Protein chains: 2
Amino acid sequence: MEEKTKILLCEDDENLSMLLREYLQAKGYHTDLAPDGEAGYKAFTKEKYDICVLDVMMPKKDGIELAKDIRNLNSDCPIIFLTAKTMKEDILEGFKAGADDYISKPFSMEELIFRVEAIMRRTKGKKVKEKDTYYLGKYTFDTQRQILSIADSQIKLTTKETELLTLLAANVNEMVERNFALRTIWIDDNYFNARSMDVYITKLRKLLKDDPDVGIINIHGKGYKLIAPKTEE
Amino acid sequence: MEEKTKILLCEDDENLSMLLREYLQAKGYHTDLAPDGEAGYKAFTKEKYDICVLDVMMPKKDGIELAKDIRNLNSDCPIIFLTAKTMKEDILEGFKAGADDYISKPFSMEELIFRVEAIMRRTKGKKVKEKDTYYLGKYTFDTQRQILSIADSQIKLTTKETELLTLLAANVNEMVERNFALRTIWIDDNYFNARSMDVYITKLRKLLKDDPDVGIINIHGKGYKLIAPKTEE
DNA sequence: ATTTTTACTTAACAAGATTTAACTGGCCTC
DNA sequence: GAGGCCAGTTAAATCTTGTTAAGTAAAAAT
């Protein structure tokens with residue numbers, strides 16, 4: 001059996017951390033949460049992780065301290081910091097403490113996934129399974145090239161179209177919550193972004209109309225579900 | 001045994017210099033530190049360096065003075081300046097004193113590495129272990145000779161074309177941020193340079209149009225991604 | 001020394017992507 | 001079945017990217 005990549009996520013904002021875990025899970029990562037630096041350290045000593053994502057600002061022990069401690073265990077586990085946007089000093093401090101990368105808040109979850117995968121690619125070389133082509137009924141959707149094809153026509157999708165369709169395709173025949181999609185792709189789930197997402201749902205529906213077995217349905221008040229016939233993996 | 005590239009780093013902020021050394025070391029460079037211009041000069045007379053990275057603002061003897069002195073030893077050792085972002089005058093002075101390139105603070109370490117490697121590529125021609133030939137679908141891209149070939153046609157690329165394509169090729173199938181590219185290649189990420197980069201993206205797309213599996217796609221508001229089929233290493 | 005070539009930048013405009021706005025209709029509750 | 005919220009659609013506005021051509025400056029050639 002294939003081993004899942006294991007991520008240790010230290011973040012004191014529980015909202016955020018639950019959300020991130022959910023998303024990482026959907027992407028096939030196993031994620032353990034720690035609400036502060038001390039808990040993070042404890043978790044790190046008990047389990048073997050492939051990657052650590054540490055908030056810089058945390059109670060009890062901040063991310064920088066924690067990173068140093070992790071490095072002291074002479075671990076070469078890659079570390080990604082989450083920092084507030086302006087804190088250039090944090091970033092420097094972070095690199096000194098042995099960080100591999102950092103992301104400034106606010107960030108979209110896609111961004112996090114992207115960095116995680118970039119690091120896994122660099123370090124492990126393998127282990128990134130990251131599906132990049134989905135088969136949806138008669139459609140083929142290449143997330144790398146941002147191309148949706150059916151029969152012999154290829155349609156180039158825009159970035160947002162790709163992001164949204166990727167999210168839906170990663171959860172075919174399962175519901176994706178509106179807010180989850182908004183926060184994943186648009187970062188903020190305010191009124192206007194919600195309208196914007198509506199617009200993109202409309203666009204995707206048009207793009208997907210050539211196969212009657214494929215479509216996006218709305219679950220009132222909850223979210224959307226991409227419907228497509230099951231295919232062999 | 002392969003000789004390491006030797007870098008002389010003159011920088012009075014010890015935090016920063018230690019950090020840079022660590023990073024350069026990780027990238028396979030040997031780095032000597034000097035905390036001020038005089039120490040830098042002394043070090044330079046004693047050792048042979050492949051490249052000098054000088055902070056402009058330093059106690060005792062500033063980077064400009066030091067560069068002049070280094071040039072007086074009729075050395076052709078490449079020099080990179082570190083300057084504060086706003087100090088346009090420094091940059092002019094620096095070039096007058098014989099600089100090869102400069103980086104404005106704050107900069108990312110990737111940026112520094114990239115510049116160092118670009119210079120090594122230009123000057124030494126050798127010694128950079130960094131991959132110097134990329135295989136992009138049916139294309140072969142020789143960064144040393146600045147030649148892009150497909151089938152039996154060879155196209156000579158200009159310096160800027162080469163730099164941009166190298167940056168993209170070094171991150172195939174991954175996004176390169178617009179600003180990163182701008183700051184790395186054009187040094188400053190202002191409006192006009194951004195337009196200029198657009199122009200070069202267009203040129204590269206034209207050059208790459210003979211293999212449908214290769215292309216540069218835009219990630220709206222973020223950056224570019226060079227798409228190419230995966231090849232065995 | 002003058003012309004020619006080359007690399008690159010600036011300008012101007014066209015096309016594309018995304019968001020905002022305005023309006024329409026559906027669904028859900030009471 | 002009326003009122004309120006949620007979703008769908010379309011078009012306009014805004015912002016980003018793409019393209020082409022003209023402009024500039026330095027290098028190379030004559």
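Note that this is a predicted model, so its numbers are computed, not measured. Each chain gets a letter, A, B and so on, in the order its sequence line appears, and its residues count up from 1.
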Item checked: Side-chain N,O (B/R178) to OP1/OP2 (D/dT16) below 4.0 Å -> no
Notebook entry, point to check: Would the A/Y29 and A/Y23 ring centres measure less than 6.0 Å apart?
Noted result: no
Margin query: With a 4.5 Å cut-off on side-chain heavy atoms, are B/K6 and B/K48 touching?
Written below: no
Check: Roughly, in whole Å, what's the span from CD1 in B/I185 to P in C/dC8?
Finding: 11 Å
Check: Over how many whole Å does the gap from B/I219 atom CD1 to C/dG16 atom C1' extend?
Finding: 15 Å
Check: Do the numbers put B/R195 on top of the ring of B/Y191, so that NZ or CZ is under 6.0 Å from the six-membered ring centre and no more than 45° off the axis?
Finding: yes
Next item on the list: Run the numbers on B/D198 and B/R178 for salt bridge (Lys or Arg N to Asp or Glu O under 4.0 Å), then give the verdict.
Entry: CA-CA 10 Å; B/D198 287 349; B/R178 271 188 87 89; 3.1 Å; yes
Notebook entry, point to check: Quick one: A/K206 NZ to D/dT10 C1', roughly how many Å, whole number?
Noted result: 8 Å
Check: When the distance from CG of A/L204 to P of D/dA7 is rounded to whole Å, what number comes out?
Finding: 16 Å
Item checked: A/Y200 and A/T158, any side-chain heavy atoms less than 4.5 Å apart -> yes
Next item on the list: Decide yes or no for A/Y139 and A/S149: does some side-chain heavy atom of the first lie under 4.5 Å from some side-chain heavy atom of the second?
Entry: no
Check: Do any side-chain nitrogens or oxygens of A/Y224 fall under 4.0 Å of OP1 or OP2 in D/dG8?
Finding: yes
Next item on the list: Going 5' to 3' through nucleotides 17-30 of chain C, assign each nucleotide B (protein heavy atom under 4.0 Å from a base atom), S (under 4.0 Å only from sugar-phosphate atoms) or - (no protein heavy atom that close).
Entry: SBBBS-----SS--
Next item on the list: In whole angstrom, give the distance that lies between atom NZ of A/K209 and atom P of D/dT9.
Entry: 12 Å
Check: Start at the 5' end of DNA chain D and walk down; is the nucleotide closest to A/K222 or to B/R205 reached first?
Finding: A/K222
Check: Between A/T202 and D/dT9, is there a side-chain N or O to OP1/OP2 distance below 4.0 Å?
Finding: yes
Margin query: Output the rounded distance in Å from CG (B/L164) to C1' (C/dC8).
Written below: 13 Å
